[in-house]
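Step one of this worksheet: look at the structure below.
Below, read A as the first sequence line, B as the second, and so on, with proteins coming before strands; counting in each chain starts at 1.
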Number of protein chains: 2
Amino acid sequence: MARKTGSHSEITGPRVREAALTLFARHGFAAVSMRQIAREVGVQAGALYLYTKDKQSLLFDLMRTHMDELLAAWAIEPKGDTALDALEAFSRFHIRFHLERPDAVFIAYMELRNLTDENFAAIEALRRQYEGELEAILRAGQEAGELDLSDIRLSSMAIIAMLTGVNTWYREGGRLSREAVADRYWDMVKGAVGA
Amino acid sequence: MARKTGSHSEITGPRVREAALTLFARHGFAAVSMRQIAREVGVQAGALYLYTKDKQSLLFDLMRTHMDELLAAWAIEPKGDTALDALEAFSRFHIRFHLERPDAVFIAYMELRNLTDENFAAIEALRRQYEGELEAILRAGQEAGELDLSDIRLSSMAIIAMLTGVNTWYREGGRLSREAVADRYWDMVKGAVGA
DNA sequence: CTTGGATATGAACGATTGTTCAGTTACCAA
DNA sequence: TTGGTAACTGAACAATCGTTCATATCCAAG
């Protein structure tokens with residue numbers, strides 16, 4: 001027995017990454033075995049190695065894809081004219097983007113310690129790049145006199161932590177819609193930066 | 001060979017928890033073996049079971065102890081007269097307390113999924129209790145007209161996420177002292193609640 | 001000096017881990 | 001119709017996992 005009818009590489013490959021994403025998010029990278037992922041896909045464990053070099057690469061690919069998509073999505077996001085407009089765009093974008101892929105976000109923040117040193121450095125660089133986007137906005141706002149900040153780097157970290165925190169409590173179909181949440185968080189961000 | 005000279009339960013017990021705390025924080029619960037913990041303590045793996053029922057209990061004990069200490073410390077913290085005073089006290093306390101025990105904080109936030117359902121419920125209840133402390137302050141401030149909030153629960157989650165976020169980037173001996181960080185975060189919290 | 005309980009060892013248990021690989025099957029192009 | 005190759009199986013590998021337990025040693029009390 002081998003090779004079930006109608007199976008194709010273009011189908012199985014993405015399914016492996018989907019299953020890994022879900023399982024890693026739910027149970028943690030170290031707690032999930034290659035056999036569990038294979039079972040979820042409906043395949044034997046050995047077949048996974050047609051689609052990934054090893055377990056570590058599977059994790060790294062998920063995280064790098066996520067960060068790449070994050071940066072790419074922000075790059076094409078309309079940012080308005082003023083720094084304050086850009087800050088609002090960033091706040092709403094961050095919440096929306098992160099709420100759309102909670103599993104990937106969870107993994108990207110929780111499984112950093114399970115990366116090899118080299119892979120960690122790569123992901124960390126991408127994260128720094130994203131933080132840099134916000135810092136640039138804050139700096140522009142500061143120079144334009146639109147914002148009142150005592151420390152740009154610190155404000156950047158505070159804002160990102162606050163916005164990402166939505167993912168820890170937001171549940172679909174809850175009391176507030178995503179838009180309502182974004183409205184209120186933007187209010188708080190605005191207040192925090194003295195605008 | 002067994003029982004080295006001068007070994008005592010009162011020494012080994014805490015050392016087991018210390019080692020588990022450090023290793024769980026660094027590598028994650030699932031990635032740390034009982035033998036690694038034992039090696040760190042300078043003992044064989046079997047000896048750990050004189051101090052913990054099993055690996056799960058070891059994790060749960062660390063988390064419950066942390067949450068108990070958090071609630072106990074906040075209970076005796078001076079809170080001032082007004083709701084705004086209490087909010088400042090909470091902000092400064094939260095940062096100080098969490099920066100003092102980064103490993104325990106890390107574990108308490110990252111290893112929830114490795115708890116059994118029962119243990120998870122217990123920790124979750126303690127966390128809710130802590131969040132309730134902040135919500136009570138915000139509610140009092142709202143009613144006294146000191147604060148301008150559109151949603152108390154949401155503001156509470158945003159503030160906690162923002163404050164806890166300090167742990168992800170703060171490094172001892174860095175650019176800012178703990179006090180300086182707390183000063184700036186209090187400014188941002190104040191702004192976020194419209195005060 | 002004897003004894004008993006506390007503290008620890010070290011070997012062993014079955015289960016599971018990530019990964020490899022020879023063999024088997026299904027599909028597609030010729 | 002045939003042959004080649006992409007896709008997959010199923011077994012196997014050594015290593016490691018959490019946990020138990022018979023055994024050994026140490027220390028304090030009688």
Quick one: does A:Glu133's side chain have a donor or acceptor within less than 3.5 Å of a partner on A:Trp74's backbone? no
Just how far, in rounded Å, is [atom2] of [N] from [atom1] of [X]?
X	N	atom1	atom2	result
B:Met34	D:dC21	CE	P	16 Å
B:Gln44	D:dT20	CD	P	17 Å
A:Leu58	C:dT19	CG	C1'	14 Å
B:Lys53	D:dG18	NZ	C1'	12 Å
B:Asp54	D:dC17	CG	C1'	14 Å
B:Tyr49	C:dT9	OH	P	14 Å
A:Leu23	C:dT17	CG	C1'	16 Å
A:Ile37	C:dT17	CD1	C1'	12 Å

Nearest listed nucleotide, side chain of [X], among [options]:
X	options	answer
A:Gln36	C:dA8, D:dA7, C:dT17	C:dT17
B:Ala47	C:dT9, C:dT19, D:dA7	C:dT9
A:Leu50	C:dA8, D:dG18, D:dC8	D:dC8

Measure from NZ or CZ of A:Arg127 to the centre of the six-membered ring of A:Tyr109, then state whether that distance is under 6.0 Å and the direction lies within 45° of the axis. yes
Are B:Phe90 and B:Tyr130 an aromatic pair by the rule of ring centers under 6.0 Å? yes
Residue that, paired with A:Phe93, satisfies side-chain contact (heavy atoms from CB on, under 4.5 Å) out of A:Glu88, A:Glu77, A:His98, A:Lys79: A:Glu77
Starting at the 5' end of DNA chain D and moving along, which residue's nearest nucleotide shows up first, A:Arg35 or A:Leu48? A:Leu48
Is any side-chain N or O of B:Thr12 closer than 4.0 Å to OP1 or OP2 of C:dA8? yes
C:dT17, OP1 or OP2 - any side-chain N/O from A:Ser33 closer than 4.0 Å? yes
Can B:Asp187 and B:Lys190 be counted as an ion pair, charged N to O under 4.0 angstrom? yes
Using a cut-off of 4.0 Å on non-hydrogen atoms, how would the nucleic acid contact of A:Val32 be classed: base, sugar-phosphate, or nothing? sugar-phosphate
